[in-house]
Amino acid sequence: MLPRLQILDLAGPAQVYDQANDSGANYDIEFVGVSDRIVTAQGPVFSELRYFEEVELKEGDTLLIPGTRPELLNQSYYDHLPKNLWGWLRSLCQKNVRICSVCTGSFFLAEAGLLNGKSCTTHWTCQELFKKSYQEINVIPDVLYTKEFPIYTSAGVASGIDLSLALVEEDYGPYIASDVAAKLIVYYRRNPEDHQVSTYFNYRNHPYGGIHKVQNLLTQFPKRKFSLDRLAEEANMSSRNLTRKFKEATGVTITEFGQIVKLELAKNLIHFSNNTVAESARLSGLSTSKNLGRIWKKIYGGAPSDMPQKKTTLK
């Protein structure tokens with residue numbers, strides 16, 4: 001933590017990782033600072049913090065740096081920070097520790113030299129100041145976050161939640177990330193440059209807990225055939241009310257959502273693994289490649305075989 005940090009820059013991501021643990025992740029969350037007592041921009045004080053250099057971080061770990069008030073971003077502020085902070089940040093980057101900034105946290109990454117020759121983003125009100133201060137760094141406007149591994153930057157305040165959800169997806173997959181988003185009642189938005197938004201995040205922007213439970217069940221067990229009565233029991237609704245409320249909340253029927261979830265799984269199996277189309281159809285609950293092809297054409301157009309494989313495994 002840095003002096004006068006913005007509370008939401010810290011609290012939003014912290015809530016995401018804490019909820020992710022409740023949803024099946026395994027994050028060890030720790031708060032560290034440039035001193036053992038930090039006064040936030042909004043007034044509350046964090047105390048008994050571990051000193052940053054005492055923390056051992058390794059490849060695969062994540063360091064998140066919240067931003068501060070823009071008017072504080074001057075040489076006097078930087079001069080009051082520990083001199084060993086910049087070298088510590090550079091050493092973490094060399095270890096491939098993911099280093100992430102929220103809002104004006106990108107200024108600290110720039111001061112450490114971690115953004116030289118890279119692209120980044122920051123709060124829209126600070127972009128001109130950033131360009132003026134660090135002319136060799138490319139600032140991208142109108143995006144929620146950027147990634148040039150191991151450096152990630154996010155646009156501002158609430159976009160730290162978007163970035164954190166994306167990192168949870170990287171670590172534990174889209175199901176847990178979407179579960180976190182649903183339980184925090186936030187709309188999961190990916191980077192605007194990514195046009196292929198996962199089905200696990202679509203159809204979820206509603207406040208109906210019972211319907212989220214049904215969606216969770218269909219998503220978690222795509223190969224099972226659930227009766228309408230069983231789904232209604234999960235939602236604590238009558239079958240008739242569930243049918244009506246589900247379509248009203250999501251825009252699709254229960255059957256359509258089930259097919260879409262199966263198709264999403266098949267798509268991931270084809271794209272991220274060595275499975276054939278026929279194997280992907282069987283593993284996703286769509287039974288045959290013919291059935292997969294029919295639904296694929298209806299939803300995506302084209303054919304499953306048109307999708308390239310990354311030749312990696314699913315997390």
Checklist entry - For the residue pair Tyr78 and Trp86, does the interplanar ring angle fall in the parallel (under 30°), tilted (30 to 60°) or perpendicular (over 60°) class? => result perpendicular
Next on the checklist: Parallel, tilted or perpendicular, judged at 30° and 60°: which one describes the rings of Phe257 and Tyr203?
Outcome noted: perpendicular
Item to check | Within-4.5 Å side-chain heavy-atom neighbours: Asn241 and Arg244 | outcome: yes
Item to check | Test item: Cys120 and Leu109 side chains (from C-beta on) under 4.5 Å apart, heavy atoms | outcome: no
Item to check | Candidate list Thr146, Ile99, Leu167, test side-chain contact (heavy atoms from CB on, under 4.5 Å), partner Tyr152, passing option | outcome: Leu167
Checklist entry - Given Leu10, which of Ile38, Ile65, Leu5 fulfils the side-chain contact (heavy atoms from CB on, under 4.5 Å) condition? => result Leu5
Could you check whether any side-chain N or O of [X] sits under 3.5 Å from a backbone N or O of [Y], counting only pairs where one atom can act as donor and the other as acceptor?
{"X": "Arg37", "Y": "Val45", "result": "no"}
{"X": "Gln42", "Y": "Ile7", "result": "yes"}
{"X": "Lys262", "Y": "Pro222", "result": "yes"}
{"X": "Ser159", "Y": "Asp162", "result": "no"}
{"X": "Thr40", "Y": "Arg4", "result": "no"}
{"X": "Tyr208", "Y": "Ala235", "result": "no"}
{"X": "Glu148", "Y": "Ser119", "result": "yes"}
{"X": "Asn96", "Y": "Glu59", "result": "no"}
{"X": "Thr121", "Y": "Ala155", "result": "no"}

Checklist entry - Under 3.5 Å, is there a donor-acceptor pair linking the side chains of Ser101 and Thr153? => result no
Checklist entry - Any luck finding a side-chain donor-acceptor pair between Gln75 and Asp79 under 3.5 Å? => result yes
Count the heavy atoms of every other residue, nucleotide or ligand shown that sit under 6.0 Å from [atom1] of [X], and state whether that count exceeds 12.
{"X": "Glu136", "atom1": "CD", "result": "yes"}
{"X": "Lys131", "atom1": "NZ", "result": "yes"}
{"X": "Lys290", "atom1": "NZ", "result": "no"}

First locate atom [atom1] of [X], then atom [atom2] of [Y], and finally report the distance between them rounded to the nearest 0.5 Å.
{"X": "Asp9", "Y": "Met1", "atom1": "CG", "atom2": "CE", "value": "12.0 Å"}
{"X": "Leu184", "Y": "Gln15", "atom1": "CG", "atom2": "CD", "value": "5.5 Å"}
{"X": "Gln215", "Y": "Thr250", "atom1": "CD", "atom2": "OG1", "value": "6.0 Å"}
{"X": "Ile211", "Y": "Leu231", "atom1": "CD1", "atom2": "CG", "value": "11.5 Å"}
{"X": "Phe246", "Y": "Thr255", "atom1": "CZ", "atom2": "OG1", "value": "9.0 Å"}
{"X": "Asn74", "Y": "Phe107", "atom1": "CG", "atom2": "CZ", "value": "11.0 Å"}

Next on the checklist: Run the side-chain contact (heavy atoms from CB on, under 4.5 Å) test on Leu63 and Val55 for me, step by step, so that the C-alpha distance in whole Å, both residues' side-chain angles and the decisive distance to 0.1 Å come before the verdict.
Outcome noted: CA-CA 11 Å; Leu63 175 72; Val55 180; over 6 Å; no
Checklist outcome for this item: Heavy-atom nearest pair, Ala158 first then Leu8, reads N-CD2, 4.3 Å
Checklist entry - Between Glu128 and Lys132, is there a side-chain N and carboxylate O pair less than 4.0 Å apart? => result no
